[in-house]
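We count ligands from 1, going down the list as the structure has it; atoms in each ligand are counted the same way.
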Amino acid sequence: MKRVFGVFGDPIGHSLSPAMHNAAFSALGMDCVYHAFRVRPEKLEKAILGAEAMGFGGLNLTVPLKETALKLDCIKPDPLAEKIGAINTVVFGKTGEITGYNTDGLGAKQALLDAAVEIRGSKIVVAGAGGAARAITFQLAVDGADITIINRTEERAIELAKDISGAALPGKIRGTGLSGLKGLLKEADVLINTTTLGMHPNIETTIATAEELHPDLTVFDIVYNPLETKLLREAKAAGAKTVSGVLMLIYQGAEAFRLWTEIEPPVELMKKTVFEALQA
Ligand code: ATR
């Protein structure tokens with residue numbers, strides 16, 4: 001009988017995860033299928049327990065469920081997910097235990113490693129202080145980066161930096177308001193945009209323009225709708241290296257696949273599938 005995997009979220013209609021995982025399952029000859037399910041936060045516990053009862057192979061959780069999942073009694077978060085405060089991957093154990101992981105930060109880290117970024121000691125500016133910034137900053141601090149979180153609402157940046165620093169990780173973290181961005185970018189090695197600037201329908205907005213960027217910078221925009229954001233175009237104009245946010249989606253998915261199956265997924269095929277779906 002086919003093993004069912006899924007992603008829960010709301011809205012969920014445009015998720016790229018089914019195409020990505022189904023391509024991987026079929027390339028590996030695995031008798032598995034991955035579906036998207038619309039689940040509201042108040043029904044999340046029932047949905048997860050139902051999936052477990054029906055023998056699902058594993059789940060992804062997306063907006064707006066990642067933080068809610070951490071509060072549920074039925075899931076035991078792994079220490080990193082607990083620190084991040086959000087779960088995006090659910091693993092069903094053989095004896096009924098349900099474990100929650102967060103692979104978003106690892107996805108971002110792998111996207112940067114692909115671009116040959118040396119994370120330890122590198123000066124990284126993270127724009128935004130929401131859930132995505134939290135997962136990414138946590139992972140990069142574990143790996144020893146020197147991070148400044150910069151956010152429109154300065155207090156949120158300061159609070160997030162304080163919270164992550166409190167976990168005594170090797171990387172240095174501070175938080176500040178947007179006015180410092182220009183000065184910080186001059187000294188930075190990497191800029192990561194986690195704000196919604198540039199995301200459809202606000203495609204002409206950007207956290208920084210070419211004049212504020214420089215050729216030694218790597219610019220990573222986690223927004224992938226559109227595939228090439230205004231920030232990435234500005235980065236190219238400045239001669240900076242660019243990293244597409246879609247790689248974070250693919251690598252977080254690949255990591256989830258490993259957690260569920262203990263099998264190495266066909267990452268290149270997953271990339272091809274996602275890029276084709278986005279260009280269609
Ligand atoms: P997520 O959890 O998905 O990362 P979020 O919590 O909604 O997202 O956060 C979105 C981020 O985009 C926030 O950092 C937000 O800044 P504020 O904390 O000041 O709200 C940032 N953001 C959204 N619109 C913005 C804009 N027009 N200019 C600058 N930053 C913006």
>> Show me which atoms of ligand 1 lie under 4.0 Å from any heavy atom of G128.
In response: 14 (O)
> Are side-chain N/O atoms of E155 and T153 paired as donor and acceptor at under 3.5 Å?
Replying inline: no
>> Could you tell me, atom by atom, which parts of ligand 1 come under 4.0 Å of a heavy atom of N151?
In response: 13 (C), 14 (O), 15 (C), 16 (O), 17 (P), 18 (O), 19 (O)
>> Tell me the protein heavy atom at minimum distance from atom 8 (O) of ligand 1, and give that distance in Å.
In response: G130 CA, 4.3 Å
>> Looking only at distances, can you tell me whether any N or O atom of A129, backbone or side chain, sits closer than 3.5 Å to an N or O atom of ligand 1?
In response: yes
>> Please work out, at 4.0 Å between heavy atoms, whether the side chain, the backbone, both, or neither of T195 comes within that distance of ligand 1.
In response: both
>> So, applying side-chain contact (heavy atoms from CB on, under 4.5 Å) with I98, which one of L72, I48, L59, V91 is it?
In response: I48
> Taking the six-membered ring for Trp, are F37 and H35 parallel (under 30°), tilted (30 to 60°) or perpendicular (over 60°)?
Replying inline: perpendicular
>> Please report whether atom 1 (P) of ligand 1 has a protein non-hydrogen atom at a separation of less than 4.0 Å.
In response: yes
> Tell me: protein heavy atom nearest atom 10 (C) of ligand 1, and distance?
Replying inline: T196 CG2, 4.4 Å
> Under a 4.5 Å cut-off applied to non-hydrogen side-chain atoms, are Y224 and L16 in contact?
Replying inline: yes
> Between N60 and S17, does a side chain to side chain donor-acceptor pair (under 3.5 Å) hold up when you go through it step by step?
Replying inline: CA-CA 9 Å; N60 283 130; S17 294; 4.8 Å; no
>> Under the criterion side chain to side chain donor-acceptor pair (under 3.5 Å), I'd like the reasoning laid out for E276 against T273: C-alpha separation, chi angles, the key distance, then a yes or no.
In response: CA-CA 5 Å; E276 278 173 7; T273 307; 5.8 Å; no
>> Residue-level breakdown please: for L197 versus ligand 1, do any non-hydrogen atoms fall below 4.0 Å on the side chain, on the backbone, on both, or on neither?
In response: side chain
> Can you name the nearest heavy-atom pair linking L113 to I119, along with the distance?
Replying inline: CD2-CD1, 3.9 Å
> Any idea which protein heavy atom is nearest atom 4 (O) of ligand 1, and the distance to it?
Replying inline: A132 N, 3.1 Å
> So which bit of R156 gets within less than 4.0 Å of ligand 1, heavy atoms only: side chain, backbone, both or neither?
Replying inline: side chain
> Would D146 and K123 satisfy salt bridge (Lys or Arg N to Asp or Glu O under 4.0 Å), going step by step from the backbone distance to the final call?
Replying inline: CA-CA 5 Å; D146 176 340; K123 291 196 177 69; 5.3 Å; no
> Would you say R152 and ligand 1 have an N/O pair spaced under 3.5 Å apart?
Replying inline: yes
> To which protein heavy atom is atom 19 (O) of ligand 1 closest, and what is the distance rounded to 0.1 Å?
Replying inline: T153 OG1, 2.5 Å
